[in-house]
Every structure is written in structure tokens, then in C-alpha cells.
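Structure first, then comments.
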Amino acid sequence: MASATVSFKSREDHRKQLELEEARKAGLAPAEVDEDGNEINPHIPQYMSSAPWYLNAERPSLKHQRKWKSDPNYTKSWYDRGAKIYQADCYRKGACENCGAMTHDKKSCMERPRNIGAKWTNMHIAPDEKVESFELDYDGKRDRWNGYEASTYSRVIEQYEAREEARRKFLKEQQLKKLEGKNSLQNGENAASDDDEDEEDLKIDEAKVDESKQMDFAKVEKRVRTTGGGSTGTVRNLRIREDTAKYLLNLDVNSSYYDPKTRSMREDPLPDSDPNEKFYSGDNQNRMNGQALDFKQLNIHAWEAFEKGQDIHMQAAPSQAELLFKNYKIIKEKLEHKTKDSIIEKYGNAASEELPRELLLGQTEREIEYDRAGRIIKGQEASLPRSKYEEDVFINNHTAVWGSWWKDFQWGYKCCKQTIHNSYCTGLAGIEAAEAATELMKTNMARKEATQDNTPEAEEKQLATWGTDVPDNLVLDKKLLAEALKKEDERKKEERDERKRKYNVKWNDEVTAEDMEAYRMKRTHHDDPMKDFLH
């Protein structure tokens, strides 16, 4: 019995089960009984008697071969189209505002939208539809003719007949017009020539097909498949006739065997030829690669597991066999990793050790000298690897490279302590001149600070700087200046947002010194690089 949890059986139990099956087939042992008490025919193949593994069957049974998924609640009936239940006389609360039916709302109403709905007119109330809900079975959901009524096909026939009648009427009117036009012509020759053409045009019926075209229906189109013009009328087109047949590739009697019944040649007919020039290498080439090889390994695993007592069958339960094979590969891989880790833990792993730099890069510039006995004389110390850029290149009489000296967040030359790149080296004289200039600058700064300390401090006054003619005794009031700054901010807000501007504005022409100072402080300087960050 195939189930989701396959129980392992020993060889002895497996042998006893096979003997019991043979005895049942021979009639020496009673037949197996299912869970309902019915006997199971022992001659039924295993792939039929074994239940699928996903059913979790505990006892042998043939219930899975019957219709075990039937449900009495399922039905194949269809909706009663157009059936009405109740016709109301007045509008009811909760009904459709358009037609007045209770079975739907205004959004899903299928009637013509009224100018004034039934909710307000209380007239022409539509009847309620018949609403059904039932559950269809598997066949009912997929039956494209479910609910079809044969009587509705008469409407299609009437539609086609009406269209045909209209077409005949139109053709008859065209004939009458052409006959009237023909009689009105005065030229006899033109009338005679046009008469034949008109009669031929009128005789043509669109529903009929020309006899010359009908003859082509029985004609067989021959497909040309060769460059020589050969043709074939058969349905089978096994190969193009220019291709060499398999049995003609090698005419040696001892070469690969060709089976004419199945048209197969499993071995390579030309094993010694160049593989790049061969277009056919035998049928076994397709059997030993790709998914065919995976399927072969799956079959072999199922056979070996069955021989070892595991209840598995590739034909009876292919999904179970594939799942067990997948689990087997995962367990095998884990076991291999576990064995490898245990060996590495016990003996170590030389491959994971860090290799010397010269072995990794494949090159080194270290020079080592040995004596006659093989002892190292010098070169044991590690040497710094050289860069791919130029090193120790001195220019402009310098004895050190640029960047060998650092002071006050500036790079320079160590030989002359200059911070100007590509400058000429001045040596010790330049260093002494730079130190003297630094000392002189420090002395001058100290003298300037001493003179500034002796000068009396002037009174701090906030003077206006907004005009050209500024009085000497003008002093701004800090409170008035703060109020002027607030007014200036409000004015700029009104300029940015015109919606806040009021209709009745009292204008004041008087401008104080504080107002002018606030305007100067708040105005935008276009030359200022930080003007975009002020507001």
C-alpha cells in the first residue's frame, strides 16, 4: 500500500509479502479484503490497486478508483433568465431609485435611466427579478452549453432571413434602376454593349460560387520539398530527401545496427570521424543527457528501494517516487558534507591555509643569497612591494618628493619646506628666509596689538547706514527698529502671497529712520552668494 509515510520493511517481510501475493493469485490463500468487507481481486495490477500517497490510506481499498468526490449539494441547473417574482404598485423603501425593483440598486440597474426615477414618480414600478444561488459541480462550471435553450436559435434564423430578404430587395431595386437607365440611352451601340455587361452583372449572386472555383476544391496541393522539383502528396514527411539516410552513413556490415521497423540506430555509425563535422551521433546520444538521464536515475532509485523492502512503485505513485528521490539526494548531500567536515576537523585542511604572497601573485622582487650549505645569508627580511607608479623621482633640484612634509594643513617638500607645488628648491637658505619672515610677522602683530590696547574704547552706537547724507548725531532706537523689522516681514509676506492682501488699506507716507534701516537689512542683495538661503 503506497502512502505518504512509507514504512521500511526488512528483506524477510518483503519476501513473505511476495509469497503471499503469489499464493493469492494461485488461489491457495484467501483474497485481500478492503475496509468495506469486499474482496480485492489479486490479479489487479499494483499501479491500479495502490492508492495515491496523498490520500493517506491506512488499509487496502479500491475506493480511490470510484467517484469518491461526489457531493449531493452540487447541481447542473442554470439560472431562470428573465423570471419575475412580484409586481409592486408603489415604491418601497430600499428599492432601486430608477425602476423601483427590490432585487438590485440604482448602480446595477439594467433598465434605461429615467429622467425622474420611480422613487419620485411612484409610477411604472418594475417587477422584482428572481435571484437564485446554487453550487455547480465540476462539469457544471465547465459546461459551455449549460442553460442554453434551443428555442432561442430561432431568433438567429429570423435575423439571417431578414438580412437576406433586405439584400434581395436591394438587388431588385438596382436592377430596375439599371433598366431605366438603359432605356433612356439614345445611342444603340452603346446601349447594346452595355446591355450584355449589365445582364452579366445582374446574374451574379453573391451567395453562389463560380464553377471554375468549385473545381479547385477537389484539387490536392502538392508540397515541393526538394530542389529538383520533386513533390509528395502524403501526410507523413519524415525527413527532407536530400538528407542521407542513417543506414547509408556507413555501409560496413560490422558497423552500427539499423532497425528498419523503428528506423532507429542507437550506436554511432561513424565513431572515428571528427565530432565537429558529424550531424548524427546515434540515438543513444539523446538518451544519455538532459532530462532523460534524470528520469533514468529516478527509475533506478525506485527499483533499488523496492528491492530493499521499501514500498515504492514508479508507475503506481510517480509523485511519491519523485519526492522520495529528492529527499534521498538531500540526505545524501548532508551526509557527504558531514563526512567531509569530520575529516577536516580531524586532519585539518591544507587548502584553507593562507599561502605566501609570492605564490598568490606569482612574482616577487625579494633577493635572497645562500651559502654553499644552503643557509640564507641575507634577504630574509620582508621587502615592501613596489607600486606601479613612478617612485623617488626628484624635480627642480629637490632632494625629496612632493608630500614628504606637512604643516598647517598643507603638503610640501621636506628639503626646503615649501608648500608650492613644482617650485624650485631653495635649500637651507629658503628655510632660514621663511623662518625670518615668520618671526618678523609675529613681531609686527604683537606691536599692533599693543597699540590697540592703549586707544580709548569708543561708545557703541547703532548708526544708520542706509542713506548717503547721514547725520553724525543719528542714533536708532532698538525697540522701534524691532517693530520696523516685524512690519517689513509682514510686507514681504503680503508680496509673496497676494491672496492675503486686504481691500481697505490705510497708506502711511511717513518713513522713519528705523523703517529705512529695517528695509536695508531685509532687502535682497543680488550679489550675495547666500541669497537663496535667506528665505
Exercise. What side-chain hydrogen bond (donor to acceptor under 3.5 Å, both in side chains) pairs are there with at least one residue in residues 268-297, not counting sequence neighbours?
Worked result: Asp268-Lys278, Tyr280-Asp283
Seminar exercise, completed: Minimal heavy-atom distance between Phe134 and Leu136, with the atoms involved, is CE1-CD2, 3.7 Å
Exercise. Looking only at heavy atoms, what is the nearest atom pair of Ser49 and His64, with distance?
Worked result: O-CE1, 3.3 Å
For this session: State the CD1-CE distance between Ile40 and Met48, to the nearest 0.5 angstrom.
Result: 12.0 Å
For this session: Give the intermediate values and the outcome of side-chain contact (heavy atoms from CB on, under 4.5 Å) for residues Glu322 and Phe325.
Result: CA-CA 5 Å; Glu322 189 173 358; Phe325 182 53; 5.7 Å; no
Exercise. Side-chain contact, heavy-atom cut-off 4.5 Å: Tyr258 with Ser256?
Worked result: no
Problem set entry | Charged N-O contact under 4.0 Å between Glu19 and Arg15 | yes
Exercise. From Lys246 NZ over to Leu248 CG, what is the distance, rounded to the nearest 0.5 angstrom?
Worked result: 12.5 Å
Exercise. Taking everything shown except Glu149 itself, do over 12 heavy atoms lie less than 6.0 Å from its CD?
Worked result: no
Problem set entry | Heavy-atom closest pair, residues Ala101 and Asp128 | CA-OD1, 3.5 Å
Anything under 3.5 Å between a donor and an acceptor, one on a side chain of residues 300-308, the other on a protein residue two or more places apart or in another chain? List them.
none

Exercise. Would you say Glu345 has more than 12 foreign heavy atoms packed within less than 6.0 Å of its CD?
Worked result: no
Problem set entry | His124 atom NE2, over 12 foreign heavy atoms within 6.0 Å | no
Exercise. Counting only heavy atoms not in Ile116, do more than 12 sit closer than 6.0 Å to its CD1 atom?
Worked result: no
Exercise. To the nearest 0.5 Å, how far apart are CD1 in Ile343 and NZ in Lys340?
Worked result: 9.5 Å
For this session: Could you pull out all residues at least two apart from Arg168 that satisfy salt bridge (Lys or Arg N to Asp or Glu O under 4.0 Å)?
Result: Glu164
Exercise. Quick check: are there more than 12 heavy atoms from other residues, nucleotides or ligands sitting under 6.0 Å from NZ of Lys84?
Worked result: yes
For this session: Check whether any side-chain heavy atom of Arg167 sits under 4.5 Å from a side-chain heavy atom of Phe170, and report yes or no.
Result: no
Exercise. Quick one: does Asn250's side chain have a donor or acceptor within less than 3.5 Å of a partner on Pro269's backbone?
Worked result: yes
Exercise. Ser255: what forms a side chain to side chain donor-acceptor pair (under 3.5 Å) with it, not counting sequence neighbours?
Worked result: none
For this session: With sequence neighbours left out, write down each residue that passes side chain to side chain donor-acceptor pair (under 3.5 Å) with Ser108, or none if nothing qualifies.
Result: Asp105
Exercise. Can you check whether Leu62 reaches Asn38 side chain to side chain, under 4.5 Å on heavy atoms?
Worked result: no
Problem set entry | Straight-line distance of Arg92 CZ to Asn122 CG, nearest 0.5 Å | 11.0 Å
Problem set entry | Test item: Ile157 and Tyr153 side chains (from C-beta on) under 4.5 Å apart, heavy atoms | yes
Exercise. Is Asn349 reaching over with its side chain to a backbone N or O of Ile344, donor-acceptor style, under 3.5 angstrom?
Worked result: no
Exercise. Which atom names give the shortest non-hydrogen contact between Gly181 and Ser184, and what distance separates them?
Worked result: O-OG, 2.7 Å
For this session: Dump the intermediate steps for side-chain contact (heavy atoms from CB on, under 4.5 Å) on Arg114 and Cys99, then the final yes or no.
Result: CA-CA 8 Å; Arg114 305 179 185 181; Cys99 65; 4.0 Å; yes
For this session: Give me the ring orientation class for Tyr148 and Trp145: parallel if the planes are under 30° apart, tilted from 30 to 60°, perpendicular past 60°.
Result: perpendicular
Exercise. Does a side-chain heavy-atom distance below 4.5 Å link Met314 with Phe295?
Worked result: yes
Problem set entry | Leu249 side chain near Phe279 side chain, heavy-atom distance below 4.5 Å | yes
For this session: Identify the heavy atoms of Ala29 and Leu20 that sit nearest to each other, and give their distance.
Result: CB-CD1, 4.1 Å
Problem set entry | Ion pair check, Lys63 and Glu35, cut-off under 4.0 Å | yes
Exercise. What pairs meet the ring-ring contact (aromatic ring centres under 6.0 Å, His included) rule with one or both residues in residues 80-104, with sequence neighbours excluded?
Worked result: none
Exercise. In Å, rounded to the nearest 0.5 Å, how long is the span from NE2 of His14 to CD of Gln17?
Worked result: 7.0 Å
Exercise. Under 3.5 Å, side chain of Asn146 to main-chain N/O of Arg142, donor-acceptor pair present?
Worked result: no
Exercise. Between the side chain of Gln320 and the main-chain N/O of Tyr54, is any donor-acceptor distance below 3.5 Å?
Worked result: no
Problem set entry | Arg112 CZ: over 12 foreign heavy atoms closer than 6.0 Å | no
Exercise. So does Tyr47 have more than 12 non-hydrogen atoms from other groups sitting under 6.0 Å from OH?
Worked result: no
Seminar exercise, completed: Gln46 and Asp311 have their tightest heavy-atom pair at NE2-OD1, 3.8 Å
For this session: Kindly compute the distance separating CD (Glu129) from CG (Asp80), expressed to the nearest 0.5 Å.
Result: 12.0 Å
For this session: Please check if atom CD in Glu333 has more than 12 non-hydrogen atoms from other residues, nucleotides or ligands closer than 6.0 Å.
Result: no
